[in-house]
Amino acid sequence: MAVWAAIVSVLAAATLTVAWPRAARVKVPPIPEAGPLAQPKSIHQVGVPAAATRAAIPPDNPQTAEKIALGQKLFFDGRLSADGTVACSTCHDPARAFADGRPTSVGIKGRIGQRNAPTILNALYNKTQFWDGRVKTLEEQAALPIVNPVEMGQPSLDAAVARIAAVPEYQETFRKVFGGPPNARDLLRAIASYERTQLSFDSPFDRFIAGDSRAIDDAAKRGWELFNTRARCNKCHALTEQKRDATYFTDHDVHNIGIGIIRHNVVALARQAEQAITSDDTSQIDRAAIQTDLSALGRFLITRRERDIAAFKTPDLRNVLVTGPYFHDGSQETLWDVMDHYNKGDGLQDPYLDEDIQPLALTEDDIDGVVAFLASLTSADYKEQGIKELARQRELSRTHRPQRDTARAFGPMRQRPRPPRP
């Protein structure tokens with residue numbers, strides 16, 4: 001009882017001071033409609049890893065057209081939320097490349113969470129889900145937002161199922177697809193099946209890698225070279241440091257890149273988390289990550305390893321141009337801001353900073369090249385959106401560069417503080 005009281009006290013206090021006051025001022029956006037961009041994608045896109053795509057389908061949840069269609073309907077259905085105002089698509093809007101364009105997401109009653117919504121596109125290839133990797137499968141991922149008070153707000157999965165089961169059409173479809181009435185396990189399997197159809201390749205870069213030398217311009221080609229050399233992006237966005245990864249752009253690992261470390265006393269938060277949260281209770285971890293400042297601890301919430309303090313998962317970079325703002329907290333607005341952050345080797349006060357984060361001495365021309373390469377990862381479905389977004393970000397970058405620090409970018413690597421003693 002004492003432990004439970006501590007949990008309730010910590011989470012309630014943090015939620016009241018962090019989430020609810022801000023959330024009260026935010027209007028819940030309308031649930032997006034399932035337009036053409038929501039439809040299941042073809043596996044026959046330039047760049048799709050066919051074998052890995054087939055391997056990503058779990059044996060206990062095979063794909064069928066009927067199950068995928070059911071999952072798509074559920075993905076856009078506000079009745080999965082407690083008040084009917086929020087669906088999965090609220091945070092994962094196909095028109096926004098299955099993100100939401102906000103720094104952090106908005107749930108029922110306008111409540112604001114602590115994390116930026118990652119795209120669903122290509123999530124089937126993820127080794128873990130969420131920014132901190134707290135679950136492995138898309139089925140597990142689909143469950144947690146439904147019951148998180150800041151997101152969809154249902155008291156339990158059974159409560160969500162009851163809402164769905166009250167609809168005759170769902171009763172009929174579940175029986176056709178699964179052979180029985182709606183239940184929590186099958187609801188999650190249907191949503192996950194739909195999400196696994198969201199493949200997104202067929203970008204200019206994919207066509208370049210396939211042999212079309214004119215598919216990307218010289219700036220993007222220079223950026224691709226920098227990405228794998230002086231810009232050091234490959235340290236986290238490649239499968240190995242020796243082999244260039246032209247498919248996934250992630251090492252499927254976690255890293256502390258210096259985001260949020262100054263705004264939060266992570267040492268104090270870590271001690272608080274150790275006392276208040278059971279590391280194997282995914283529901284507690286999920287609420288802390290979305291509702292409280294403990295979110296800044298990242299992977300530490302799951303592992304309790306000091307080296308994982310403020311470490312977050314390396315995201316896939318496909319469609320990164322149209323899925324901003326960036327990082328786990330949505331704190332950077334443009335890709336130029338992202339590059340400035342890395343260029344200066346940010347994290348001078350961060351004793352847990354990844355060893356690969358160091359000053360890069362990239363010139364403005366270098367940064368433009370890397371951004372051009374990242375823009376070339378925009379899939380054909382989002383071509384026009386990407387053109388407009390690149391122009392917007394470029395214009396903003398010419399007048400507003402809050403992360404820029406040329407002296408640090410071209411200066412020596414400075415000594416970092418040692419982690420404090422327990």
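Since the model is a prediction, treat every value here as computed from it, not as a measurement.
Sequence neighbours left out, the pairs with a member in residues 368-420 that pass ring pair (Phe, Tyr, Trp, His ring centres under 6.0 Å) are F205-F373, W224-F373, F227-F373.
Across all non-hydrogen atoms, the minimal contact from I191 to C88 is CD1-SG, 4.4 Å. Closest approach of L121 to A97, counting heavy atoms only: CD1-O, 3.6 Å. When all heavy atoms are compared, the tightest approach of G258 to D350 is CA-OD2, 3.6 Å. Counting all heavy atoms, side chain and backbone alike, I108 lies closest to A82 at CD1-CB, 4.4 Å. Of all the heavy atoms in P29 and T90, the pair that sits closest is CG-CG2, 4.0 Å. Residues G47 and F201 approach most closely at O-CD2, 3.4 Å, considering heavy atoms.
One distance of note links CG of L362 with CG of N343; it measures 4.5 Å at 0.5 Å rounding. Between atom CD of residue Q39 and atom CG of residue D381 there is a gap of 11.0 Å, rounded to the nearest 0.5 Å. In this structure, the separation between CD1 on I31 and CG on D93 is 11.0 Å, given to the nearest 0.5 Å. Distance check: F208 CZ to S213 OG gives 7.5 Å after rounding to the nearest 0.5 Å. Rounding to the nearest 0.5 Å places OG of S193 at 6.5 Å from CD1 of I68. Between the CZ atom in R408 and the CD atom in Q403 there is a gap of 9.0 Å [rounded to 0.5 Å].
Taking a 6.0 Å sphere around CD of E172, one finds it holds 12 or fewer heavy atoms contributed by other residues, nucleotides or ligands. The number of heavy-atom neighbours closer than 6.0 Å to CD of E33, taken from other residues, nucleotides and ligands shown, is 12 or below.
Within the 3.5 Å criterion, the main-chain N or O of I257 finds a donor-acceptor partner in the side chain of H341. Within the 3.5 Å criterion, the main-chain N or O of G113 finds a donor-acceptor partner in the side chain of T104. S81 contributes a side-chain N or O that, together with a main-chain N or O of G78, makes up a donor-acceptor pair within less than 3.5 Å. Listed for the R79 side chain is no donor-acceptor partner under 3.5 Å among the backbone atoms of I164. In this structure, the side chain of Q198 does not engage the main chain of N122 through any donor-acceptor pair within 3.5 Å. In terms of modelled atom types and a separation under 3.5 Å, the side chain of D245 and the main chain of F249 share a donor-acceptor contact. The backbone N or O of P149 lies less than 3.5 Å from a partner atom in the side chain of R111, making a donor-acceptor pair. For the pair K313 (side chain) and T128 (backbone), a donor-acceptor distance under 3.5 Å is present. Without hydrogens or angle criteria, R96 side chain to R102 main chain gives no donor-acceptor distance under 3.5 Å. In this structure, the side chain of D366 engages the main chain of T363 through a donor-acceptor pair within 3.5 Å.
Remark: R222 does not engage E225 in a salt bridge, criterion side-chain N to carboxylate O under 4.0 Å. Classification of E169 and K73 as a salt-bridged pair holds, one side-chain N sitting under 4.0 Å from a carboxylate O. A salt bridge links R392 to E333: at least one charged side-chain nitrogen sits closer than 4.0 Å to a carboxylate oxygen. Under a 4.0 Å N-O distance rule, the pair D60/R189 does not qualify as a salt bridge. The residues E151 and R115 are annotated as not salt-bridged, no charged nitrogen and carboxylate oxygen being separated by less than 4.0 angstrom. With respect to the salt-bridge test (charged N to carboxylate O, under 4.0 angstrom), the residues R318 and D206 qualify. Between K235 and E241 there is a salt bridge, since a side-chain N of the basic residue sits under 4.0 Å from a carboxylate O of the acidic one. A salt bridge links D368 with R398; the closest basic N to acidic carboxylate O contact falls under 4.0 Å.
By the 30° and 60° cut-offs, the orientation of the rings of F75 relative to H92 is tilted.
Aromatic ring centroids of H328 and F312 lie under 6.0 Å apart.
Proximity of R304 to I277: side-chain heavy atoms (C-beta onward) are separated by under 4.5 Å at one or more points. In this structure the side chain of Y326 reaches within 4.5 angstrom of the side chain of L335, judged on heavy atoms. S200 places none of its side-chain heavy atoms less than 4.5 Å from the side chain of K41. Two residues are said to be in side-chain contact when any heavy atoms from C-beta on lie closer than 4.5 Å; T334 and V338 fail this criterion. Side chains of T314 and H237 form a contact here, defined as non-hydrogen atoms less than 4.5 Å apart. Counting only heavy atoms from C-beta outward, the side chains of W131 and P118 approach each other to under 4.5 Å. At least one side-chain heavy atom of L144 sits under 4.5 Å from a side-chain heavy atom of R134. Proximity of R401 to D340: side-chain heavy atoms (C-beta onward) are separated by under 4.5 Å at one or more points.
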Handout entry: Worked verdict on Q114 versus I290 for side-chain contact (heavy atoms from CB on, under 4.5 Å)
Key = CA-CA 5 Å; Q114 295 280 300; I290 302 300; 5.7 Å; no

Problem - side chain to side chain donor-acceptor pair (under 3.5 Å) between N319 and T378, worked out - result: CA-CA 4 Å; N319 293 301; T378 306; 4.9 Å; no

Handout entry: Trace of the side-chain contact (heavy atoms from CB on, under 4.5 Å) decision for L74 with L187
Key = CA-CA 8 Å; L74 290 165; L187 182 147; 4.2 Å; yes

Exercise for the section: Test side-chain contact (heavy atoms from CB on, under 4.5 Å) on K176 and L70 and set out the steps. Expected result: CA-CA 10 Å; K176 180 179 180 181; L70 172 59; over 6 Å; no

Practice task
Under the salt bridge (charged side-chain N to carboxylate O under 4.0 Å, His left out) rule, what do R207 and D202 come out as? Steps first, then yes or no, please.
Solution key: CA-CA 7 Å; R207 295 192 290 277; D202 193 27; 3.4 Å; yes

Exercise for the section: For the pair T85 and D83, evaluate side chain to side chain donor-acceptor pair (under 3.5 Å) and give the outcome as yes or no after the intermediate values. Expected result: CA-CA 6 Å; T85 63; D83 62 4; 2.7 Å; yes

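Between the side chains of N126 and K136, not a single donor N or O lies within less than 3.5 Å of an accepting N or O. For the residue pair Q393 / E389, a side-chain donor-acceptor distance below 3.5 Å is found, with atom types taken as modelled. When only modelled atom types and interatomic distance are considered, N116 and D329 share no side-chain donor-acceptor pair under 3.5 Å. For D158 and S156, the side-chain atoms include no donor-acceptor pair closer than 3.5 Å. N234 and N228 share no donor-acceptor pair across their side chains, judged by distance under 3.5 Å alone. In the model, T303 has a side-chain atom that pairs as donor or acceptor with a side-chain atom of D308 under 3.5 Å.
In this structure, the side-chain hydrogen bond (donor to acceptor under 3.5 Å, both in side chains) partners of T137, at least two apart in sequence or on a different chain, are E140. Every residue two or more places apart in sequence or in another chain was checked for a side-chain hydrogen bond (donor to acceptor under 3.5 Å, both in side chains) with T406, and none qualifies.
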